[in-house]
Amino acid sequence: MRTPNQITVDRALLLYILQLAEPYDGMSDVKLQQLCFLCELQTFAKGLKAFHFEFFRFAYGAFSKDLDNDLTSLRRKGRIENFAVSDQVKEEAIPLLLNAIEGVEANEKAKDIVDAVVAAYGHQDSGAITSSVESVQLSTPQDPDLKIPIRDIVFHTTLLVPHRIEVQAEVALSPTILAKLNAAMGYDSRPAMDAHSW
């Protein structure tokens, strides 16, 4: 289960991805899920943790209920309309996040990975990005040498459990920044209490 601070980081990074992807047409729930999955997978591959979403195998690639809940919550708060971030997010939340990332090595590396994933896959439509995700090969802790493409994994099988993955560093924001981000995203200025705090 995500901590309140992790929920705040996840929501802020989700808004950042949506802003990065704005120039590309065809954003959908499926495409957003795949983009976030690829970002999370790539950060883990580099020994970093940015997002904290658990993903499972779904009919259209990877799916995270936590991500879906955060998206719904941010829409209810008026911070996202369809898949476009609000002016308030662009003027307050994103600059806060980017300022907090600057000068912190782990944060900068995670941002660079997110930027690269969106640049590489943002132009793809839902079908193409789902194919990209389904061709990703994963292994299990029990048999790390066995690589299985996601397309061959049984539906509803868990693909990523962030709290079980060991990393060297994680995106970290100060309590002051977390409080300001929560306020900018329309939440109580304290860190989010749970995935459903709307």
Side-chain angles (χ1 to χ4, degrees), residues 1-40 42-43 48-54 64-123 162 169-198:
M1 178 175 267
R2 299 182 298 166
T3 67
N5 290 350
Q6 290 170 341
I7 292 169
T8 301
V9 169
D10 288 347
R11 289 174 177 168
L13 288 172
L14 179 59
L15 291 170
Y16 179 65
I17 283 181
L18 284 169
Q19 180 175 300
L20 278 179
E22 274 186 7
Y24 306 109
D25 291 330
M27 183 56 75
S28 65
D29 287 312
V30 170
K31 182 174 177 176
L32 181 61
Q33 289 273 347
Q34 306 324 296
L35 276 173
C36 290
F37 175 77
L38 290 167
C39 287
E40 194 164 340
Q42 289 298 317
T43 54
L48 297 169
K49 190 177 290 183
F51 284 109
H52 308 86
F53 296 128
E54 285 190 18
S64 169
K65 186 63 178 160
D66 289 333
L67 189 163
D68 192 53
N69 287 341
D70 285 354
L71 186 64
T72 299
S73 178
L74 288 163
R75 283 179 173 149
R76 288 182 179 167
K77 292 291 183 182
R79 294 328 188 250
I80 302 171
E81 184 173 335
N82 197 11
F83 294 98
V85 295
S86 70
D87 289 341
Q88 187 172 7
V89 166
K90 290 177 183 176
E91 295 165 8
E92 294 177 32
I94 300 299
L96 273 170
L97 177 65
L98 294 177
N99 286 338
I101 286 172
E102 191 174 323
V104 180
E105 185 179 0
N107 294 359
E108 288 180 343
K109 285 181 180 178
K111 178 192 173 292
D112 290 346
I113 292 167
V114 169
D115 291 349
V117 169
V118 174
Y121 296 96
H123 67 280
E170 184 170 343
V171 169
L173 305 175
S174 72
T176 302
I177 294 297
L178 290 167
K180 288 180 179 179
L181 273 171
N182 273 319
M185 292 186 294
Y187 300 97
D188 188 320
S189 61
R190 295 183 309 255
M193 296 315 293
D194 63 48
H196 304 289
S197 59
W198 301 321

Query raised in the report: Checking Gln19 side chain against Val85 main chain: does a donor-acceptor pair fall under 3.5 Å?
Result: no
Query raised in the report: How many angstroms lie between CD in Glu108 and CD in Glu105, if you round to the nearest 0.5 Å?
Result: 8.0 Å
Requested in this report: Looking only at non-hydrogen atoms, find the nearest pair between Cys36 and Leu67 and report the distance.
Outcome: CB-CD1, 3.3 Å
Query raised in the report: Do Lys31 and Tyr24 touch side chain to side chain, with heavy atoms closer than 4.5 Å?
Result: yes
Query raised in the report: Which heavy atom in Gly122 sits nearest to a heavy atom in Leu35, and how many Å separate them?
Result: N-CD2, 4.2 Å
Query raised in the report: Between Arg2 and Asp70, does at least one N-O distance fall below 4.0 Å, as a salt bridge requires?
Result: yes
Query raised in the report: Just wondering, do Glu170 and His52 contact through their side chains at under 4.5 Å, heavy atoms?
Result: yes
Report summary line: In this structure, CZ of Arg75 is separated from CG of Asn82 (nearest 0.5 Å) by 6.0 Å
Query - Test: Arg11 cationic atom under 6.0 Å from Tyr16 six-membered ring centre, within 45° of axis - result: no
Query - Nearest non-hydrogen partners of Val89 and Pro95, listed with the distance - result: O-CD, 3.9 Å
Query raised in the report: Quick one: does Asn107's side chain have a donor or acceptor within less than 3.5 Å of a partner on Ala172's backbone?
Result: yes
Query raised in the report: So do Tyr187 and Lys77 actually touch side chain to side chain, heavy atoms under 4.5 Å?
Result: yes
Requested in this report: Work out which heavy atom in Ala12 is nearest to a heavy atom in Leu97; give both atom names and the distance.
Outcome: O-CD2, 3.7 Å
Query - Asp66 side chain vs Phe53 backbone, donor-acceptor pair below 3.5 Å - result: no
Query raised in the report: Should Ile94 and Leu98 count as side-chain neighbours, where that means a heavy-atom distance under 4.5 Å?
Result: yes
Requested in this report: Using a 4.5 Å cut-off on heavy atoms from C-beta on, say whether the side chain of Leu173 contacts that of Val104.
Outcome: no
Query raised in the report: Do Lys109 and Asp112 sit within salt-bridge range, that is, some charged N less than 4.0 Å from a carboxylate O?
Result: no
Query - Over all atoms of both residues, closest heavy-atom pair of Ala93 and Leu181 - result: O-CD2, 3.4 Å
Query raised in the report: Does the side chain of Leu13 come within less than 4.5 Å of Phe51's, by heavy atoms?
Result: yes
Requested in this report: Using a strict cut-off of less than 4.0 Å between a Lys/Arg side-chain nitrogen and an Asp/Glu carboxylate oxygen, indicate whether Glu92 and Arg79 qualify as a salt bridge.
Outcome: no
Requested in this report: Determine the minimum heavy-atom distance between Leu96 and Ala184, stating which atoms define it.
Outcome: CD1-CB, 4.2 Å
Requested in this report: Measure from the side-chain N and O atoms of Ser64 to the backbone N and O of Glu54, and report whether any donor-acceptor pair falls under 3.5 Å.
Outcome: yes
**Report entry** Nearest-0.5 Å distance, SG of residue Cys39 to NZ of residue Lys111
**Finding:** 12.0 Å
Report task. Report yes if some heavy atom in the side chain of Leu32 is under 4.5 Å from a heavy atom in the side chain of Leu14; otherwise report no. Result -> yes
Query raised in the report: Do the side chain of Lys49 and the main chain of Pro162 share a donor and acceptor less than 3.5 angstrom apart?
Result: yes
Requested in this report: State, yes or no, whether a side-chain contact exists between Met185 and Leu15 at a heavy-atom distance under 4.5 Å.
Outcome: yes
